[in-house]
Amino acid sequence: MEFSDVILAWYRTHKRDLPWRNTRDPYPIWLSEIMLQQTRVAQGLPYFLKFMEHFPTVGDLAAAPEEEVLKLWQGLGYYSRARNLHAAAKTISREYEGNFPQTYEGLLKLKGVGAYTAAAISSICFQEPNPVVDGNVYRVLSRYFGVDLPVNAPEGMRYFAKLAREVMDAEQIGDYNQGLMEFGALQCVPRNPDCAACPLGGGCEAVRQGRVGELPVKLPKKGVRTRYFNYLFPVDREFRTLLTRRNGPGIWEGLFEFPLVESGGVVPEDGIRALLPGAGIQGLGEATDVVRFNPNPIIHKLSHQHLYVTFWIVHLPGSLEGAVPISQMHSYPVPVLIANFMETVKNSYF
DNA sequence: AATGCGGGGCA
DNA sequence: TGCCCAGCATT
């Protein structure tokens, strides 16, 4: 048996029963593919179920306000995926009369759909023979064929794209693609794979050379940036607060947050008042009282940034312009960091 | 060609 | 702690 036959045979007996399998309807396939970009199945699954329930069709998704889409996406990260998902739904609904493009090239035009996702949808839904190349595929191919080109550099990406096409099974492309990814996720795992139990064992170049632990090769990524965030949680006379939308570019674009002042380091208790104007919010200067909420900064780690976050309670004697009742602040799409604070402050303060 | 973009799980 | 995850858009 050659490579693709082993993958297909393995897939038939090991495939997980997931809700987007056993369908060729592009809507759930597309939704799952977007959600699973850089995201584990276990993390994306509940979001998929939630979205399918709220938006049974692409038309339902297109008709929703972006804020509602972001709220449902809250916690899944990489929020541009949600905004692009929504934009693509509008395109499909309004320009394509609710029908998905049925070719790789057509799918590629949709916002948020790149080479991987176009290959996945076109192969699974329309049997177009395009190989998917994701993190799983890089790992399996680099090991089985003993390729040590960096998978995150252009030359390596071109090489693996070509290799992937050469070894695919064009006749059963949908199952082959899903099988190869499933194989990477369950058998050819990143660390300490059980090569003794691998159906490809005999033909694996990495096993033969004793280099399983070295492959795939990845170029080091840039270090993380450290930032200091001071969130001002205004509480006015009528127990209302202020939430503003983050307009990009940058992290959490499209999500809401409390007035924010960034500083060069952790701000002492007697230093916060001088920073209030930095939030650019009228009325904060009239605060009777500004109290640090968390004694030590909350360290919120993102892939590319480490945030040291302090929340400050800003008591206002008057009435705040454009404020939202504290009882309703939970309905806004916010970063996990803000959601956690809202939950804590609700339990400990009010 | 390089960089930025979340959050969670695991050894 | 560092690495990885069904990648993409932007520069």
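Keep in mind that what you see is a predicted model, and the values were worked out from it rather than measured. Within every chain, numbering begins at 1; the chains are lettered A, B, ... in the order of the sequence lines, protein sequences first and strands thereafter.
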Quick check on contacts: within residues 190-199 of chain A, what sits under 4.0 Å from DNA chain B by heavy-atom distance? A:Arg191, A:Asn192
Base, sugar-phosphate, or nothing for A:Ile34, non-hydrogen atoms under 4.0 angstrom? nothing
Which residues within residues 147-181 of chain A lie with some heavy atom under 4.0 Å of an atom in DNA chain C? A:Met181
Could you check whether A:Ser80 gets within reach of a base, just the sugar-phosphate, or nothing at all, counting any heavy atom under 4.0 Å? nothing
Using a heavy-atom cut-off of 4.0 Å across all strands, would you classify A:Glu253 as base, sugar-phosphate, or nothing? nothing
Most 5' of A:Tyr116 and A:Lys111 on DNA chain C, judged by nearest nucleotide: A:Tyr116
I'd like the P distance from B:dC5 over to C:dA6, given in whole Å. 22 Å
Looking across every strand, which nucleic acid part, if any, lies under 4.0 Å from A:Ser32 by heavy atom: base, sugar-phosphate, or nothing? nothing
Give a yes or no on this: more than 12 heavy atoms of other residues, nucleotides or ligands lie within 6.0 Å of atom NZ of A:Lys50. yes
How is A:Arg21 classified with respect to the nucleic acid when contacts are heavy atoms under 4.0 Å: base, sugar-phosphate, or nothing? base
Pick base, sugar-phosphate or nothing for A:Gly75, based on heavy-atom distances below 4.0 Å to the nucleic acid. sugar-phosphate
Please confirm whether any donor atom in the side chain of A:Gln43 sits under 3.5 Å from an acceptor in the base of B:dG8, or the reverse. no
Flag the pair A:Glu155 and A:Arg158 as a salt bridge only when some basic side-chain nitrogen lies within less than 4.0 angstrom of an acidic carboxylate oxygen. no
Figure out the CZ/P separation between A:Arg81 and C:dC5, and round it to whole Å. 14 Å
Counting only heavy atoms from other residues, nucleotides and ligands, does the tally under 6.0 Å from CD of A:Glu262 exceed 12? yes
Looking across every strand, which nucleic acid part, if any, lies under 4.0 Å from A:Gly250 by heavy atom: base, sugar-phosphate, or nothing? sugar-phosphate
Applying a 4.0 Å non-hydrogen cut-off, can you work out what A:Pro249 is touching in the nucleic acid: base, sugar-phosphate, or nothing? nothing
Salt bridge A:Lys71-A:Glu68, side-chain N to carboxylate O under 4.0 Å: no
Is there a donor and acceptor pair closer than 3.5 Å between the side chain of A:Thr39 and the base of B:dG6? yes
Taken to the nearest whole Å, CG/A:Leu76 to P/B:dG9 is 12 Å
Measuring only the C1' atom in each nucleotide, how far is B:dG7 from C:dT10? A whole number of Å is fine. 22 Å
Atom CD of A:Glu66: over 12 foreign heavy atoms under 6.0 Å: yes
Separation of B:dG7 atom C1' from A:His304 atom NE2, nearest Å, is 12 Å
Using whole Å, what does the distance between atom P of nucleotide B:dC5 and atom CE of A:Met35 come to? 22 Å
So, A:Phe48 versus A:Trp20, ring centres under 6.0 angstrom or not? yes
First of A:Gly223 and A:Arg40 reached from the 5' end of DNA chain B, by closest nucleotide: A:Gly223
A:Ile298 CD1 to B:dG7 P, straight-line distance once rounded to whole Å: 13 Å
So, are A:Glu253 and A:Arg83 salt-bridged, with charged N and O less than 4.0 Å apart? yes
If the threshold is 4.0 Å, N to carboxylate O, is there a salt bridge linking A:Glu269 and A:Arg292? yes
Is there a donor on the side chain of A:Thr117 or the base of C:dG7 sitting less than 3.5 Å from an acceptor on the other? no
Here the distance between atom C1' of B:dG7 and atom CG of A:Leu337, to the nearest Å, is 12 Å
Name every residue in residues 125-144 of chain A that has at least one heavy atom under 4.0 Å from any atom of DNA chain C, in order of residue number, or write none if there are no such residues. A:Asp134, A:Gly135, A:Asn136, A:Arg139
Answer yes or no: does atom NZ of A:Lys15 have more than 12 heavy-atom neighbours from other residues, nucleotides or ligands under 6.0 Å? yes
Just to be sure I understand the rule, does A:Trp20 reach a base, reach only the sugar-phosphate, or reach nothing, if contact means heavy atoms closer than 4.0 Å? base
Please tell me which of A:Lys301 and A:Ala118 maps to the more 5' nucleotide of DNA chain C, matching each residue to the nucleotide holding its nearest heavy atom. A:Lys301
Short N-O contact, A:Asp175 and A:Arg12, less than 4.0 angstrom: no
ring-ring contact (aromatic ring centres under 6.0 Å, His included) for A:Phe293 and A:Tyr231? Distances and angles first, verdict last. CA-CA 10 Å; A:Phe293 181 72; A:Tyr231 277 116; over 10 Å; no
